[in-house]
Novice: 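My structure is below; once you've seen it, I'll send some questions.
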There are 2 protein chains.
Amino acid sequence: MTEKRKLTLKDIAKELNISVSTASRALKSHPDISEETIRMVKEFAEKHNYVPNALAVNFRKNKTYNIGLIVPELVHHFFSTVISGAINAAKKRRYNVLVSQSNDILEDEITACRTMLASSVDGLLISISNETLEGEHIKTLIEEGKPVIQFDKISDLIDTPKVIVDDFEGAYKAVSHLIDQGYKKIAHIRGRLEVKNANERARGYKKALEDRGLEFDPEWVKVCSLINEQEGYDFAKELLEGKNPPDAIFCITDLVALGVLKFLKEKAVPIPEEMGVLGFSNWKLAEIVHPGLSSVDQHGYFMGETAANMLISILENEKELVNETLEIKTDLIIRDSTLKNPSIC
Amino acid sequence: MTEKRKLTLKDIAKELNISVSTASRALKSHPDISEETIRMVKEFAEKHNYVPNALAVNFRKNKTYNIGLIVPELVHHFFSTVISGAINAAKKRRYNVLVSQSNDILEDEITACRTMLASSVDGLLISISNETLEGEHIKTLIEEGKPVIQFDKISDLIDTPKVIVDDFEGAYKAVSHLIDQGYKKIAHIRGRLEVKNANERARGYKKALEDRGLEFDPEWVKVCSLINEQEGYDFAKELLEGKNPPDAIFCITDLVALGVLKFLKEKAVPIPEEMGVLGFSNWKLAEIVHPGLSSVDQHGYFMGETAANMLISILENEKELVNETLEIKTDLIIRDSTLKNPSIC
DNA sequence: CTGTTAGCGCTTTCAC
DNA sequence: GTGAAAGCGCTAACAG
């Protein structure tokens with residue numbers, strides 16, 4: 001590194017025979033300073049390529065213009081979409097985003113929070129790990145005066161503003177659509193019992209069945225733990241080979257639905273005629289797979305933007321910190337995997 | 001925000017009737033300080049939950065322990081994998097990563113670089129946009145004393161250390177595999193002519209054909225611009241309907257290969273028997289799609305780790321800044337889409 | 001309109 | 001072993 005010593009205000013002041021404070025004010029076009037001095041200083045600064053020392057400014061102002069963002073997994077279509085939205089929103093307001101991942105491990109999440117704090121972000125956006133409950137590490141951040149906003153995977157035990165997807169409504173819409181299409185025996189491959197999003201989706205599923213007076217068989221609810229393709233495949237097998245096989249399967253996420261599709265294709269079950277399949281998240285793969293997978297879009301990009309803007313508004317004191325919860329509505333994306341009866345759509 | 005005033009060294013010093021410098025040194029177990037003072041200070045700090053003011057430390061040391069990372073696109077399997085690797089590697093060495101994206105737009109990349117500089121990262125990892133050529137904005141960073149490392153999408157006009165994938169070798173191995181499988185007329189749907197990675201892959205393709213004395217027809221080379229599924233679909237159509245249809249297609253990336261597969265399935269061309277299809281990048285979808293898509297794995301996670309470690313080594317002065325280029329070898333992942341002749345594998 | 005001064009919190013040299 | 005003091009670069013209150 002050439003490490004060309006950087007020009008400071010002091011240098012400018014000395015060079016122009018003015019004081020440091022005058023130079024500082026001139027660069028900000030402070031009203032006290034004469035037009036001429038301002039011009040002179042700015043010209044000099046421009047010419048010598050003066051860049052204020054950000055570290056010093058941050059220190060002085062006690063602000064970094066960095067916000068932290070922690071997700072369970074980075075290589076994940078939904079989360080990377082959220083990150084993308086958050087970064088773009090932050091960029092517009094001259095904030096940078098420090099990204100970290102917990103790998104769904106509490107220990108890693110705690111470390112990430114600590115490093116964030118140490119490298120002094122002004123605030124934090126977090127989607128918690130499956131293992132997080134009380135979130136002492138998050139409360140610590142808040143106590144240190146760093147505002148925190150939770151998004152997507154949240155804990156109600158941690159009192160912060162929240163941006164979430166309306167999972168209940170998404171599931172309700174999805175299952176209602178299956179019913180509209182004429183499916184009568186709808187199964188649900190759900191997520192873990194301790195995870196809020198999974199519970200909300202399951203609740204939406206149940207409610208839709210109830211509201212429409214459809215049969216419900218507890219055997220139709222399967223609980224994933226890893227939430228991967230293999231589980232989808234295995235549960236599809238279990239469901240189809242059970243005593244009371246369903247005629248549609250609503251899956252906690254697209255990846256699981258993919259496993260279901262795979263099993264059905266192997267068994268040559270016609271989709272959507274004899275079995276409807278519906279996913280959640282509307283990943284790229286839902287569009288790509290064959291037949292196209294109907295899914296619930298969670299608007300991840302918008303979620304990222306919203307959470308970032310919320311945080312920045314708080315940081316800029318545009319807005320008081322109230323622990324509101326913002327629910328983002330989902331969109332049902334209908335594709336071939338549930339279009340048994342296209343006319344009804 | 002409650003903004004509980006933070007404990008400073010001065011507070012500790014006053015409380016314990018020692019000087020600030022002693023307190024500072026004690027916390028670092030400086031050899032000059034007596035065991036007892038060290039114990040006392042540490043105990044007090046622990047008890048009162050002292051956290052050093054990172055801003056002040058950074059300012060003093062002229063170092064932030066943040067590194068910047070700019071990619072063309074965040075919602076992209078390969079890049080998010082790289083980011084994941086970089087973040088995890090950085091975390092191990094107590095660095096944080098500031099992530100930004102250029103959307104493949106030069107203007108956005110310049111802005112990102114500027115904001116990075118302003119929020120004072122210690123160094124930068126960058127994969128440039130398709131529009132970047134001279135990279136004045138990157139040179140500026142280097143002049144400001146911030147080391148930069150280019151990865152994946154690089155420009156030889158910008159003199160920095162680089163971490164890249166051995167695209168030539170990857171393509172060469174891929175095409176050689178097709179030849180081994182008995183394919184004789186191998187087409188290539190390639191990327192843009194101005195993009196280095198695309199050229200390297202095309203070079204590998206050509207070389208493999210030459211080395212094995214296979215036919216080459218210029219009609220077999222199609223140039224993508226958007227590099228998406230639709231282009232794959234369209235070019236597959238063109239190729240199959242051409243005068244001299246190929247019996248295998250090597251695609252610049254998995255997404256394009258997916259379009260090819262789609263067309264072939266529609267036309268009921270048996271894969272791999274009558275047409276081999278090979279992708280590049282080994283995205284999740286290659287594994288998921290049916291039939292499984294053979295692809296070239298670029299080891300994105302390792303690339304991210306490598307680039308981050310390289311940068312941090314420079315920042316920590318463990319290593320001189322030499323503008324070496326590190327080439328990561330690819331792995332050919334063979335799946336059903338090219339397994340015409342499994343015995344040979 | 002401009003300069004002087006103090007200080008942000010921490011590290012580090014130098015002196016005792 | 002410990003303390004005093006200077007200073008990193010910038011901002012801002014206060015004084016003229």
Side-chain angles (χ1 to χ4, degrees), chain A residues 3-42 44-45 48-65 117-122 144-146, chain B residues 3-45 48-65 94 117-122 144-146:
Chain A
E3 205 64 75
K4 189 177 68 180
R5 209 183 73 64
K6 278 186 39 172
L7 199 66
T8 70
L9 276 187
K10 206 199 264 177
D11 301 326
I12 298 184
K14 202 184 321 166
E15 212 61 46
L16 299 175
N17 274 316
I18 55 177
S19 76
V20 175
S21 49
T22 304
S24 169
R25 281 178 287 211
L27 285 171
K28 309 197 157 37
S29 308
H30 190 105
D32 276 3
I33 308 293
S34 73
E35 284 291 323
E36 205 192 311
T37 313
I38 292 183
R39 211 187 26 72
M40 173 179 80
V41 174
K42 285 196 171 170
F44 186 91
H48 294 79
N49 209 349
Y50 168 73
V51 183
N53 180 324
L55 257 37
V57 177
N58 290 348
F59 170 50
R60 191 59 235 275
K61 298 221 174 130
N62 201 27
K63 200 159 168 7
T64 61
Y65 287 94
L117 186 57
S119 53
S120 55
V121 296
D122 295 338
E144 292 283 343
K146 311 285 182 191
Chain B
E3 203 65 74
K4 189 180 70 178
R5 210 184 72 62
K6 279 187 37 173
L7 198 66
T8 69
L9 276 186
K10 207 198 262 177
D11 301 326
I12 298 184
K14 204 187 313 169
E15 213 59 47
L16 298 176
N17 276 315
I18 55 176
S19 74
V20 176
S21 45
T22 304
S24 168
R25 281 179 287 212
L27 284 171
K28 307 197 157 37
S29 307
H30 188 107
D32 275 5
I33 308 295
S34 73
E35 284 292 320
E36 205 191 312
T37 315
I38 291 183
R39 210 185 28 69
M40 173 180 80
V41 174
K42 285 196 171 172
E43 218 160 67
F44 185 91
H48 293 78
N49 210 349
Y50 168 73
V51 183
N53 179 322
L55 258 35
V57 178
N58 290 347
F59 170 49
R60 192 58 236 275
K61 297 224 174 128
N62 199 27
K63 198 155 169 10
T64 61
Y65 287 92
R94 321 207 81 253
L117 185 57
S119 56
S120 55
V121 296
D122 295 338
E144 293 282 344
K146 311 285 182 191

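Per chain, numbering begins at 1; letters A, B, ... match sequence-line order.
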Novice: Rounded to the nearest Å, what distance is computed from the CG atom of residue Asp11(A) to the P atom of nucleotide dG9(D)?
Specialist: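 It works out to 8 Å between those atoms.
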
Novice: Send over the distance from Leu9(B) CG to dC10(C) P, rounded to a whole Å.
Specialist: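 These atoms are roughly 4 Å apart.
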
Novice: Is the phosphate of dT2(D), meaning OP1 or OP2, less than 4.0 Å from a side-chain N or O of Thr37(B)?
Specialist: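 For Thr37(B), the contact criterion (side-chain N or O under 4.0 Å from OP1 or OP2 of dT2(D)) is met.
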
Novice: Going by salt bridge (Lys or Arg N to Asp or Glu O under 4.0 Å), name the residues that satisfy it together with Glu43(B), two or more places apart in sequence or in a different chain.
Specialist: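 Salt bridge (Lys or Arg N to Asp or Glu O under 4.0 Å) check on Glu43(B) returns Arg39(B).
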
Novice: With axes from five pairs an end, tell me the bend angle of the helix from dC1(C)-dG16(D) to dC16(C)-dG1(D), nearest 10°.
Specialist: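 Taking the rotation axis at each end, their angle is 50°.
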
Novice: When you look at Asn62(B) and Leu55(A), which way does the side chain to side chain contact (heavy atoms under 4.5 Å, CB included) test go after all the steps?
Specialist: CA-CA 7 Å; Asn62(B) 199 27; Leu55(A) 257 37; 3.5 Å; yes

Novice: Could you state the CG-P distance from Asn17(A) to dC1(C), rounded to the nearest angstrom?
Specialist: 20 Å

Novice: Please set out all donor-acceptor pairs under 3.5 angstrom arising from side-chain atoms of residues 23-32 of chain A, sequence neighbours excluded.
Specialist:
residue, atom, partner, partner atom, Å
Arg25(A), NE, Ser21(A), O, 3.3
Arg25(A), NH2, Ser21(A), OG, 3.2
Ser29(A), OG, Lys42(A), NZ, 2.7

Novice: Near DNA chain D, under 4.0 Å by heavy atom, which residues of residues 21-36 of chain A?
Specialist: Ser21(A), Ser24(A), Arg25(A), Lys28(A)

Novice: Quick one: closest heavy-atom pair of Ser19(B) and Thr22(B), and the distance?
Specialist: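 What the structure gives for the nearest pair is OG-OG1, 3.0 Å.
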
Novice: Starting from C1' on dG3(D), measure out to NZ on Lys14(B) and report it in whole angstrom.
Specialist: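 Between C1' of dG3(D) and NZ of Lys14(B): 17 Å.
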
Novice: When you look at Tyr50(A) and Leu9(A), which way does the side chain to side chain contact (heavy atoms under 4.5 Å, CB included) test go after all the steps?
Specialist: CA-CA 8 Å; Tyr50(A) 168 73; Leu9(A) 276 187; 3.5 Å; yes

Novice: How many Å lie between CD1 on Ile12(A) and P on dG9(D), as a whole number?
Specialist: 13 Å

Novice: For Lys63(B), look at atom NZ and say whether over 12 heavy atoms of other residues, nucleotides or ligands are found less than 6.0 Å away.
Specialist: yes

Novice: side-chain contact (heavy atoms from CB on, under 4.5 Å) with Lys14(A): which residues, sequence neighbours excluded?
Specialist: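 Per chain and number, Lys14(A) pairs via side-chain contact (heavy atoms from CB on, under 4.5 Å) with no residue.
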
Novice: Could you state the NZ-P distance from Lys6(B) to dG9(C), rounded to the nearest angstrom?
Specialist: 10 Å

Novice: Between Asn62(B) (CG) and dC10(D) (C1'), how many Å, whole number?
Specialist: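 Checked: the CG to C1' distance equals 14 Å.
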
Novice: Can you name the ring-ring contact (aromatic ring centres under 6.0 Å, His included) partners of Phe44(A), sequence neighbours left out?
Specialist: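 So Phe44(A) forms a ring-ring contact (aromatic ring centres under 6.0 Å, His included) with His48(A).
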
Novice: Rounded to the Å, how far apart are Arg60(B) CZ and dC10(D) P?
Specialist: 15 Å

Novice: Please name the pair of heavy atoms, one in Thr64(B) and one in Asp122(B), separated by the smallest distance, quoted to 0.1 Å.
Specialist: N-OD1, 2.8 Å

Novice: Ring stacking, Phe59(B) with base of dC8(D), under 5.5 Å and under 30°?
Specialist: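 Yes, Phe59(B) stacks on the base of dC8(D).
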
Novice: Hey, does the side chain of Tyr50(B) come within less than 4.0 Å of dG9(C)'s phosphate (OP1/OP2), counting only N and O?
Specialist: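 Answer no for this pair, as no side-chain N or O of Tyr50(B) is under 4.0 Å from OP1 or OP2.
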
